[in-house]
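Report on the following structure.
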There are 2 protein chains.
Amino acid sequence: MWSDHINYYGDMRTHQLVLTWIEKQLSEGALSVGGRLPAERTLAEQLGVSRTSVREAIRILEAMGVVRAGVGSGPEAGTVVISDPTAALGSALRLHVATQHLPVADIVETRVLLESWAAARARADAPELEQAATLLDEMDAVGHGSREADAFLALDVRFHLCLADAAGNAVVSAMMGSLRESIQGYAATLTANLPDWDATAQRLQAEHRGILAAIRNDDGDLAAKLVAAHIEGYYREAGVRHAAKS
Amino acid sequence: MWSDHINYYGDMRTHQLVLTWIEKQLSEGALSVGGRLPAERTLAEQLGVSRTSVREAIRILEAMGVVRAGVGSGPEAGTVVISDPTAALGSALRLHVATQHLPVADIVETRVLLESWAAARARADAPELEQAATLLDEMDAVGHGSREADAFLALDVRFHLCLADAAGNAVVSAMMGSLRESIQGYAATLTANLPDWDATAQRLQAEHRGILAAIRNDDGDLAAKLVAAHIEGYYREAGVRHAAKS
DNA sequence: GTCGGGCTGTGGTCTAACCACACTGTAGAC
DNA sequence: GTCTACAGTGTGGTTAGACCACAGCCCGAC
């Protein structure tokens with residue numbers, strides 16, 4: 001039966017065999033986003049492995065943001081193929097930050113790099129800019145006080161992601177989102193260091209509008225400079241010495 | 001006992017509970033790189049879950065490049081904490097490329113972005129440059145013929161990683177390595193498109209030396225330009241229209 | 001026609017067992 | 001005394017089988 005096939009993969013661990021099979025299906029287009037994997041029991045029987053091994057492979061894919069598992073029956077149930085690269089990169093980066101082998105400073109630096117590039121490259125007529133403008137208005141609308149800082153920051157994240165999306169590079173967008181996610185918990189605590197949140201929020205908003213205006217004026221260089229200053233300024237104010245490499 | 005604790009995490013899936021516990025240990029420094037996780041059976045008992053769930057969590061960490069599992073006994077055995085962000089990002093990107101939701105063009109573009117930045121920022125006296133020079137000599141030494149192209153490309157990967165490391169940003173290095181890995185299979189087939197591999201290899205080597213010289217002369221801007229031209233030129237010659245976004 | 005309750009198929013979890021592996025220590029041969 | 005062979009021990013790797021919760025579906029009672 002499939003024993004020859006198994007032998008070909010030799011010393012590969014069982015769940016890796018399942019992963020290879022699924023990745024092959026994806027590459028060949030037999031599985032695509034929105035499609036559903038065979039049921040775990042079915043897949044196990046098809047590949048001649050135990051359900052446990054199939055589940056381990058699916059767990060990995062789930063962690064990678066490639067599939068989503070849902071119980072029950074119906075269209076929302078089963079294991080369906082999605083595509084959420086941000087989730088994968090984000091949790092990976094977060095874990096490695098936890099091991100303290102990825103300095104937060106390097107993450108901030110990379111974020112500046114990616115966002116500057118995105119701002120410089122964003123198209124002035126990108127539809128994402130409309131959404132970005134809406135988000136800025138919402139940020140103005142949130143009340144004052146430290147309690148509201150979280151809401152402000154949540155909108156801030158989406159604003160920056162909109163700018164990244166406007167550059168039209170899915171990889172850069174995903175990486176930016178994951179960088180942001182990986183230090184989200186970190187950034188949230190930073191607001192406590194700020195002497196005057198209201199003043200900071202107003203300054204950030206002014207900077208946001210300056211960046212948006214620069215992009216809409218097709219002044220990519222200016223937009224990139226403003227973004228870099230915006231991010232670095234925030235972390236510097238909150239007490240992170242990230243650019244002090246020397 | 002731990003039931004209160006369990007209730008706190010409420011609807012969290014069991015393996016996520018294990019993941020949370022391990023990540024907490026990492027954050028607190030109770031576990032660090034080189035350390036060993038408790039044995040699977042022990043951990044299962046400690047956390048009050050089944051070994052299955054513990055294994056699923058460990059599988060995810062393994063896929064993320066956070067741990068390495070080894071059978072047997074002795075210092076090399078057991079589940080030990082490592083830190084290989086490149087592995088995580090690489091396989092994640094590769095999988096999403098397979099779903100065709102991450103265009104190869106975007107990956108190449110991002111690679112140009114990151115490598116240009118790294119070249120511009122690399123220190124002229126970085127020790128990694130020595131290694132890079134050695135790699136160039138080795139590339140010269142490999143024989144001609146398409147059979148040797150693989151060996152050449154393998155050294156080429158390491159050369160570019162050296163340059164990235166010279167910039168001193170772990171996140172950028174990891175992302176670069178993962179980008180390269182995610183399209184490795186893709187890039188290998190590209191050489192078949194080349195009309196004259198020997199000529200291409202010689203040109204690449206000349207460009208490599210030019211880049212290295214620029215970095216050593218502290219001419220970051222030139223190095224960045226050369227790197228961008230180097231990468232884009234290769235893919236263009238091999239038949240990838242990646243910059244043709246318009 | 002509407003409501004209720006089983007039926008079915010999905011992932012989620014657990015238990016218990018076995019295997020392969022690599023070291024470790026000890027008993028025996030020399 | 002030293003070396004060798006081998007059983008012991010602890011590790012991850014894998015499997016089978018069972019049970020649960022969930023969500024949709026279908027059919028019968030009313």
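Each chain gets a letter, A, B and so on, in the order the sequences are listed, and its residues count up from 1.
Across all strands shown, B/Thr52 has heavy atoms under 4.0 Å from base atoms, whether or not it also approaches the sugar-phosphate.
The ring-ring contact (aromatic ring centres under 6.0 Å, His included) test applied to A/His208 returns A/Phe159, A/His160, A/His230, not counting sequence neighbours. Considering only residues two or more places apart in sequence or on other chains, B/Glu23 meets the salt bridge (Lys or Arg N to Asp or Glu O under 4.0 Å) condition with A/Arg94. By the salt bridge (Lys or Arg N to Asp or Glu O under 4.0 Å) test, A/Glu138 pairs with no residue at all, sequence neighbours left out. A search for side chain to side chain donor-acceptor pair (under 3.5 Å) contacts involving B/His15 returns A/Arg59, not counting sequence neighbours. Legend: residues meeting salt bridge (Lys or Arg N to Asp or Glu O under 4.0 Å) with A/Arg51, ordered by chain and number and at least two apart, are A/Glu40. By the side chain to side chain donor-acceptor pair (under 3.5 Å) test, A/Asp165 pairs with A/Ser173, sequence neighbours left out. Residues satisfying the salt bridge (Lys or Arg N to Asp or Glu O under 4.0 Å) criterion with B/Arg111, sequence neighbours excluded, are B/Glu115.
On the nucleic acid side, DNA chain C has its first and last nucleotide under 4.0 Å of a heavy atom of chain A at C/dG9 to C/dT13, going 5' to 3'.
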Could you give the side-chain donor-acceptor pairs of residues 64-79 of chain A under 3.5 Å, partners two or more places apart or in another chain?
residue	atom	partner	partner atom	Å
A/Arg68	NH1	A/Glu76	O	3.4

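The shortest distance between the side-chain N/O atoms of A/Thr14 and the OP1/OP2 oxygens of D/dT14 is below 4.0 Å. Between D/dG13 and A/Ser53, no contact under 4.0 Å exists linking OP1 or OP2 to a side-chain N or O.
For the segment residues 56-63 of chain B, residues with any heavy atom less than 4.0 angstrom from an atom of DNA chain D are, sorted by number, B/Arg59.
The stretch residues 152-163 of chain B participates, sequence neighbours left out, in these salt bridge (charged side-chain N to carboxylate O under 4.0 Å, His left out) pairs: B/Asp156-B/Arg180.
Counting heavy-atom neighbours within 6.0 Å of A/Gln131 CD, excluding the residue itself, gives a total of 12 or less.
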Contact state string [nucleotides 19-24 of chain D, B base, S sugar-phosphate only, - no protein heavy atom under 4.0 Å]
B--BBB

